[in-house]
Amino acid sequence: MATETELSKQCVPINKIPKHSVDWVMRVLVIRKGSVISYSNTRHEGTFQTVILVDDEGTKLQATLFNKHIDTWKDFLKTNKTYYIANGLLDRVNPNYTSVHKEIELTITDNTIIRESDHVVSTHNFSNGFVSLEQAEKLPNGAIFDLLCVLVTVNPIIEKGDSKRREIVVTNELMDCTTVTLWGDFALNDGAFLEKLKDDQPILGLCDVRVSIYKGIFGISTLPVSSVLINPIFQKALDLRAWREVIKAEKKAITTTPSKVMRKATEVTLPNIMDGTLADTQGALYKFKAKIIDILNTDEPWYSSYKKCHKKVQVKQHTTTCPNCNIQNVEYEMRYYLRLEVCTGEQRARVILFDAAQMLVGCNVEEYIKTTSENKEECMYYHRLVLIKDKEFNFLVRIDMNNSNPRRSLIAQEIHAIEDEAVIIMSDESKSLTPPTNRGKKSTALERHVLEDKSPIIVEEPQNVRPRRKRSKKSNALHVLEDEAPNIVAEVQSVRLRTKRGKKSNMQQIHVVGEESPNIVEEVRSVMPTTSTSKKINNEHLQIKTKFTKVES
DNA sequence: CCCCCCCC
């Protein structure tokens, strides 16, 4: 048996292995180990298992184990660990199936040697391929890409016949929530694990997922070759995590940060809106700053709304009527209806908030009615509502043309305290999108898309929120390289290193996985910055963010 | 030696 050093010397990057060669050694990090799947077709029946590997160059390769090999290597090829693999069958990809590598895939044979390694596989190149949601949104339907995002919600699994799916909702600092549909194994296993973790709003690295546009709405789906990385530890992911920590420290719901529509809306002044100089385009949205000077219906900021037309229903004894639709016994629900008096200088206006009232109050209307009816004076939501008076807000409104009221009536679709936005909004949409490296890799059936950021408006690159590790003086070339690229250092590792003071850790994690024990949840928690650390990060982050200048959209 | 990618 070859020693680790010997194996190490023979190691070749995946893309440098000569075609048809059987004499090679690769060193790879496992980013996914799929479930064991049974199959039966006209030719064969049996079981197989798929593993996704990545090497130092960021090249991904799919490995398949069949039948007895699954059991042989059951304690090997574990997610987040590094292995030497030698003497596998490197075959051309089957064009009928998707693959993570455009040309080759690996089959584990009787001759295959697999050995666990202590080596830390660099995720530098691998992490370069990840794009943000706003970059992903520009991709055409069907494009395959790697995404970094923050998990917001996990919906229940839906099973229809043999098909299992589950929707999760993700976001990032500049995007609205986006739905990712997890299929099969991803819905069942990864989805269940994510559900446990969702309150921590983990950062997700979704590898080889696909753009899936339905009815014009941008969405994302997993493929059989996708991988789900939970809390990846490369720099891009840490940057996103730093943003999430800011939001958490501010005790804000990640979903109530200003939406993309809000950020992109044309900014006008309240007099502009009220004097009729703006084009009366139906449905046009305008953004303006104003101070709330009065809440006109503090007592009951809601109404009974017919579920179909949203107009107010009349409830008389046991019959409900929608005067608008002229129908009786209609189904209705309570809906916010908050009327505000706002002003900018001398200019006053009335603004109505329907569902947007939740952004001010902090809970849905049912919760609001319930808690205020129990004890209004002790209800935190009521207090929050009352406290909006005399504060300045950014409003996103549409002008209600159908109102019989001769005064223009403004309906707010979104509202955000200005003090809040100063913290959250960074460089707006122009935040420099770090151009992804041109990997140019293709999956078999579908073109793998690499975004070309032709003319990025570079405002200012954020500094690393985490201090770079000091360069070790006696380190060899590889170590220096790693020190210069802190994104390849596992956070789990760095946390341990900090506590263990210089003891070499054998951990190779590039992310926190959802494979097995519930201890992993604890692991995630332990990795989370402590309050003081996160405060520090926040401050640094904040300073960086406030340095950004706003650029016209 | 292979489930092929779905759905709202």
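Every heavy atom of this structure was used, including side-chain atoms; hydrogens, water molecules and symmetry mates were not. Here is how names work: the chains are called A, B, and so on, in the same order as the sequence lines, proteins then strands, and each is numbered from 1.
With sequence neighbours left out, the side-chain hydrogen bond (donor to acceptor under 3.5 Å, both in side chains) criterion links Asn87(A) to no other residue. Contacts of Asp199(A) classified as salt bridge (Lys or Arg N to Asp or Glu O under 4.0 Å), with partners at least two apart in sequence or in another chain: none. Every residue was checked against the salt bridge (Lys or Arg N to Asp or Glu O under 4.0 Å) condition with Lys308(A), not counting sequence neighbours, and none meets it. Applying the salt bridge (Lys or Arg N to Asp or Glu O under 4.0 Å) criterion to Glu414(A), with sequence neighbours excluded, gives no partner residue. With sequence neighbours excluded, the residues satisfying salt bridge (Lys or Arg N to Asp or Glu O under 4.0 Å) with Glu116(A) are Lys81(A).
Counting non-hydrogen atoms under 4.0 angstrom, Glu45(A) reaches nothing in the nucleic acid. Counting non-hydrogen atoms under 4.0 angstrom, Thr222(A) reaches a base of the nucleic acid. Using a 4.0 Å heavy-atom criterion, one finds that Thr179(A) contacts no nucleic acid atom at all. When heavy atoms are screened at a 4.0 angstrom cut-off, Gln49(A) is found touching no nucleic acid atom at all.
The salt bridge (charged side-chain N to carboxylate O under 4.0 Å, His left out) contacts involving residues 321-335 of chain A comprise Lys307(A)-Glu331(A), Arg335(A)-Asp355(A), where partners must be two or more places apart or lie in separate chains.
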Could you check Trp24(A) against Cys11(A) for side-chain contact (heavy atoms from CB on, under 4.5 Å), going step by step and ending with a plain yes or no?
CA-CA 7 Å; Trp24(A) 48 258; Cys11(A) 263; over 6 Å; no

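Nucleotides of DNA chain B that come within less than 4.0 Å of any heavy atom of chain A span, from the 5' end to the 3' end, dC1(B) to dC8(B).
Within residues 155-166 of chain A, the residues that place at least one heavy atom under 4.0 Å from DNA chain B are, in residue-number order, Lys160(A), Arg165(A).
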Donor-acceptor pairs under 3.5 angstrom involving side-chain atoms of residues 215-226 of chain A: please list them, not counting sequence neighbours.
unit_1, atom_1, unit_2, atom_2, d
Ser221(A), OG, Trp183(A), NE1, 3.4
Thr222(A), OG1, Trp183(A), N, 3.0
Ser226(A), OG, Asp208(A), O, 2.6
Ser226(A), OG, Leu223(A), N, 2.7
Ser226(A), OG, Leu223(A), O, 3.1

